[in-house]
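Since the model is a prediction, treat every value here as computed from it, not as a measurement.
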Amino acid sequence: MNEIKIFSPATVANVSCGFDVLGFCLDSIGDEMVIRKTDKKGIFITKIEGYDLPYEAEKNVAGVSALALMEDAKPDCGFEIEIYKKIKPGSGVGSSSASAAGSVYAINELLGRPYDKTQLTHFAMKGEALASGSEHADNIAPAIFGGFTLVKSCTPLKVLEIPTPSSLYATIIHPEIEIKTSEARAILPKDINLQNAITQWANVGSLVHAMHTDDYALLSESLNDVIVEPHRSQLIPHFDSVKSESLKAGALGCGISGSGPSIFTLSKGKDIAELVAEAMKTAYSSTGINFNIYVSKINTQGMQVI
């Protein structure tokens with residue numbers, strides 16, 4: 001096989017209480033990428049559609065992660081990369097992660113799968129660091145593994161797969177404003193209150209237990225962020241009203257997707273997820289800010305060959 005086309009999914013990171021460790025994979029939003037072998041060694045980005053991104057491999061997250069893999073694999077060939085970008089950069093649903101993870105996944109397929117998913121996540125983190133300023137895997141891991149993931153540690157890298165309750169759906173609203181991950185990280189406090197920390201790690205443990213036991217009531221109780229959301233929500237216009245109306249419509253929980261500006265909710269069943277979408281639309285329609293809304297089943301497969 002000398003060429004491959006893949007779907008590289010969008011993801012939601014943090015998942016309220018799980019800052020920098022929890023994430024899940026979306027089914028209806030994602031990029032497409034075409035990667036092909038070349039006789040000339042190196043990484044060459046030959047086409048980008050959708051958004052204005054750098055063609056130089058060292059300046060593009062897909063190129064940086066691919067170069068990290070190439071440095072380790074030392075294949076007797078190179079690769080051309082085409083990126084059909086459908087996830088807006090800075091939207092908060094893993095745009096950079098989709099590119100960084102997609103290139104290494106596809107190259108691994110073309111090389112006969114010498115690397116496992118954890119190793120691919122490690123390479124992709126190099127690209128993610130170019131976009132965010134730090135190596136973290138809470139978007140990368142669910143894109144590669146699928147479903148819900150928990151990053152146990154980055155050094156050494158250890159990713160845990162968390163089972164997804166079968167009726168779980170996500171609703172995402174993306175206000176068309178940009179929040180850079182590096183800026184959203186900069187406003188976070190360096191020290192936190194001990195009681196808030198206790199509440200937060202109790203919520204993370206409860207959320208993981210709820211996922212294993214299909215306990216939707218406990219899941220709803222656990223989707224609560226007392227550390228990051230109070231600061232980052234100030235960057236997202238009308239966040240409080242969207243959250244309030246979503247919960248009234250039946251959402252299990254609502255929070256910031258990644259560093260924003262997208263807002264995610266989780267619901268039991270597609271019907272409730274659609275009602276939540278309408279509530280979000282109503283809450284935002286009078287703001288004067290353009291937005292998109294998506295309803296998605298949780299993507300338990302992750303990357304897919306098209």
Side-chain angles (χ1 to χ4, degrees), residues 6-33 61-62 65 86-87 91-106 108 115-129 131-132 134-154 157-166 168-172 174 181 204 207-208 210-212 219 222-223 225 228 253 255-260 262-266 294-305:
I6 64 163
F7 171 76
S8 191
T11 50
V12 170
N14 300 334
V15 197
S16 293
C17 54
F19 179 69
D20 268 10
V21 297
L22 281 174
F24 64 83
C25 188
L26 295 169
D27 197 37
S28 58
I29 319 165
D31 294 341
E32 293 178 2
M33 302 176 75
V61 295
S65 59
K86 299 181 181 181
I87 311 171
S91 59
V93 286
S95 179
S96 59
S97 301
S99 295
S103 64
V104 296
Y105 173 85
N108 190 54
Y115 297 108
D116 63 25
K117 291 180 178 180
T118 300
Q119 291 169 310
L120 293 179
T121 302
H122 172 74
F123 295 134
M125 287 168 64
K126 305 299 180 183
E128 177 75 331
S132 66
S134 65
E135 289 188 19
H136 55 99
D138 51 340
N139 280 110
I140 297 284
I144 291 175
F145 283 80
F148 278 77
T149 58
L150 188 148
V151 181
K152 168 68 172 63
S153 66
C154 286
L157 182 62
K158 186 170 186 178
V159 177
L160 307 179
E161 296 181 76
I162 301 171
T164 303
S166 59
L168 206 57
Y169 278 77
T171 308
I172 313 286
H174 169 224
T181 300
V204 174
L207 181 61
V208 171
M211 301 291 286
H212 277 84
L219 194 155
S222 307
L223 288 168
D225 176 8
V228 176
I256 301 169
S257 178
S259 55
S262 288
I263 304 168
F264 83 94
T265 63
L266 289 172
Y294 310 92
V295 174
S296 174
K297 193 167 178 60
I298 308 304
N299 174 0
T300 56
Q301 182 178 341
M303 297 278 173
Q304 298 168 40
V305 178

Between the main-chain N or O of [Y] and the side-chain N or O of [X], is there a donor-acceptor pair closer than 3.5 Å?
X      : Y      : value
Asp138 : Val151 : no
Asp27  : Lys297 : no
His212 : Val208 : yes
Ser262 : Ser91  : yes

Is there side-chain contact between [X] and [Y], with at least one heavy-atom pair below 4.5 Å?
X      : Y      : value
Ser99  : Asp31  : yes
Glu128 : Val61  : no
Phe264 : Ser16  : yes
Met211 : Leu219 : yes

Specify the closest pair of heavy atoms between [X] and [Y], including all atoms of both residues, with the distance to one decimal.
X      : Y      : result
Met33  : Ala62  : CE-CB, 4.1 Å
Leu223 : Gly253 : CD1-CA, 3.8 Å
Ser257 : Gly92  : OG-O, 2.6 Å
Ala101 : Met303 : CB-CE, 3.3 Å
Asp225 : Val228 : OD1-N, 2.9 Å
Ile298 : Phe148 : CG2-CE1, 4.0 Å

Passing candidate, side chain to side chain contact (heavy atoms under 4.5 Å, CB included) with Asn14, options Asp20, Leu22, Ile256: Asp20

Against Ile140, only a single residue in Thr149, Thr121, Val159 fulfils side chain to side chain contact (heavy atoms under 4.5 Å, CB included); can you say which? Thr121

Give, for atom [atom1] of [X] and atom [atom2] of [Y], the distance between the pair rounded to the nearest 0.5 Å.
X      : Y      : atom1 : atom2 : result
Met125 : Ser65  : CE    : OG    : 12.0 Å
Leu157 : Lys152 : CG    : NZ    : 11.5 Å
Thr265 : Ile172 : OG1   : CD1   : 7.0 Å
Ile6   : Tyr105 : CD1   : OH    : 7.0 Å
Lys86  : Ser8   : NZ    : OG    : 12.0 Å
Phe145 : Thr300 : CZ    : OG1   : 14.0 Å

side-chain contact (heavy atoms from CB on, under 4.5 Å) between Phe24 and Val15, worked out: CA-CA 8 Å; Phe24 64 83; Val15 197; 3.8 Å; yes

Can you see whether Asn139 engages Thr11 through a side-chain donor-acceptor pair at a distance of less than 3.5 angstrom?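 The criterion, which ignores hydrogens and geometry beyond distance, is satisfied for Thr11 and Asn139.
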
Test side-chain contact (heavy atoms from CB on, under 4.5 Å) on Asn299 and Gln304; report intermediate values, then the result. CA-CA 10 Å; Asn299 174 0; Gln304 298 168 40; 3.6 Å; yes

